[in-house]
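Inspection log for the structure reproduced underneath, given as structure tokens.
To find a chain, count down the sequence lines: A is the first, B the second, and so on, and within it residues start at 1. No hydrogens, no waters, no symmetry mates; every other heavy atom, side chains included, goes into these values.
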Amino acid sequence: MPGRAVIHIELDSFFVSVEMKMRPELKGTAFVIGADGDPAKRGFVSAVSPEAKRKGVKVGMTLRQAKKLCAEALFYPADLLSYEQASGKFMAILGDYSPLVESFGLDEAFVEVLSDKGKDPFPAALSISNEMKSRVKRELGLTASVGVGPNKLIAKMCSEAKRPDGFFAIEETEVEKFLRDLPVGSLCGVGARTAQRLGELGIKTVAELARTPVSHLERNFGPIIGRGLNEHSRGIDESPVVPFSEPDSLWREVTFDEDAADPYILKETLYALTEDVTARLKASWDKALTVTIKVRFNNFMTLTRSGSMQEATDSMNDIWRTTLKLLEGVDLPRPVRLVGVKLSGLV
DNA sequence: TCTGGGGTCCTAGGACCC
DNA sequence: TCTGGGGTCCTAGGACCC
């Protein structure tokens, strides 16, 4: 029985590369992409040119912080339409090599290489990934980092191990050695919070996690996450490569430039968001059963309220009535910095 | 002093039914 | 008047991902 072979491919500094192709004059300059491109407003950095990176600007910091660190940087809004176009071309190239391509955001994807007549698909995966990489370079002018492994978890960790323009492959027999000394936080699904809790239990490396009894992990993290941690620590990941899936929910939220204390502004904003998300619902020929609103106060305390309608609908009237009822059930003891609306239970 | 936006999945607890 | 146990559905919140 041959094993699986999964490729993970990720474009290097995707947003920055696309911007530089559209505006060649940016070459060699410090620039930052994020939100609507106004560093005076609230918003996060999505991408940074190498020149701005050298000044300490990082993805995930606020635009204001970025401006402080690098006053001469140019700021641009994220031009999602252009990124989506480039992403489509990228995904089309991957689709030439396998029917099983799962996009993961705009700039990365998993590709499962199918076994030919029961043969081990691993060698084929190696040559396919090389070919993808050079076609992406030749046809799109973008570099990519590629990882190959027996499953999605290992493939993704491989592509992250060598960047940019990297290539790294691990066969099943090498997995344990590869994982052993890595910190638990490098496993997919172990974020800052979980890494900290594991640290408190004396578990710092992947090898230590693998030695921890499943029952101990289940007690501390619940049955599903506990078992998942154990499997991932041993390099086991059975999750399939899923080519396309309908979204389960649609979400719109907005942070005010200035915290809002006036209930009328909240209502007005929620109405606009509800209209927007309902339009997207209709465009995808879906109906939604449940509405959720989110309110974040100026002290960052965040609450959600959800309610279901009689039956799934795409009627703005019904959805807005539900949204409004949820809003009216919320106490507003202090100014609000963010409101959002989610539609779920899509059919 | 500051902390976006769009998603997914999991957990815990309560309601409800048999 | 008291009240088990299993299953399912719903809601609220949190962790994680890009």
Give me the ring orientation class for A:Tyr271 and A:Trp320: parallel if the planes are under 30° apart, tilted from 30 to 60°, perpendicular past 60°.
perpendicular

Indicate, with a heavy-atom threshold strictly under 4.0 Å, whether A:Lys41 touches base, sugar-phosphate, or nothing.
nothing

At under 4.0 Å between heavy atoms, what does A:Glu108 touch on the DNA or RNA strands: base, sugar-phosphate, or nothing?
sugar-phosphate

Could you tell me whether A:Gly60 contacts a base, only the sugar-phosphate backbone, or nothing, with contacts defined as non-hydrogen atoms closer than 4.0 Å?
nothing

Can you tell if the side chain of A:Ile7 reaches within under 4.5 Å of the side chain of A:Ile128, non-hydrogen atoms only?
yes

Is the gap between the ring centers of A:Phe75 and A:Phe31 under 6.0 Å?
no

Dot-bracket pairing map - DNA chain C, Watson-Crick plus G-U, both contacts under 3.5 Å, | cross-strand
....||||||||||||||

Give me the distance, rounded to whole Å, that separates B:dC17 from C:dT3 when you measure between the C1' atoms they each carry.
15 Å

Nucleotide range of DNA chain B contacted by chain A, 5' to 3', under 4.0 Å to a heavy atom?
B:dT3 to B:dT11

With nearest nucleotides of DNA chain B determined for A:Ile225 and A:Arg42 from heavy-atom distances, which residue corresponds to the more 5′ nucleotide?
A:Arg42

Span that lies between the C1' atom of B:dC16 and that of C:dG4, in whole angstrom
15 Å

Between A:Arg280 and A:Asp286 (salt bridge meaning N to carboxylate O under 4.0 Å), is one present in this structure?
no

Could you tell me whether A:Leu250 contacts a base, only the sugar-phosphate backbone, or nothing, with contacts defined as non-hydrogen atoms closer than 4.0 Å?
sugar-phosphate

Of A:Arg64 and A:Lys342, the one whose closest nucleotide on DNA chain B sits nearer the 5' end is A:Arg64

Partner of A:Leu187 by side chain to side chain contact (heavy atoms under 4.5 Å, CB included), out of A:Leu198, A:Leu182, A:Leu209:
A:Leu209

Under the rule syn = chi within 90° of 0, otherwise anti, which is B:dC2?
syn

Derivation and outcome, side chain to side chain contact (heavy atoms under 4.5 Å, CB included), residues A:Glu176 and A:Arg234:
CA-CA 7 Å; A:Glu176 198 203 324; A:Arg234 295 184 291 141; over 6 Å; no

Among A:Val101, A:Leu100, A:Ile93, find the one that has a side chain to side chain contact (heavy atoms under 4.5 Å, CB included) with A:Tyr97.
A:Ile93

Side chains of A:Asp181 and A:Thr205: do they bring a donor and an acceptor to under 3.5 Å?
no

Is NZ or CZ of A:Arg296 both nearer than 6.0 Å to the six-membered ring centre of A:Phe300 and within 45° of the ring axis?
yes

In residues 280-305 of chain A, which residues come under 4.0 Å of DNA chain C by heavy atom?
A:Leu303, A:Thr304, A:Arg305

Is it the case that A:Arg337 and A:Asn298 place a side-chain donor and acceptor less than 3.5 Å from each other?
no

A:Lys137 side chain near A:Asp165 side chain, heavy-atom distance below 4.5 Å
no

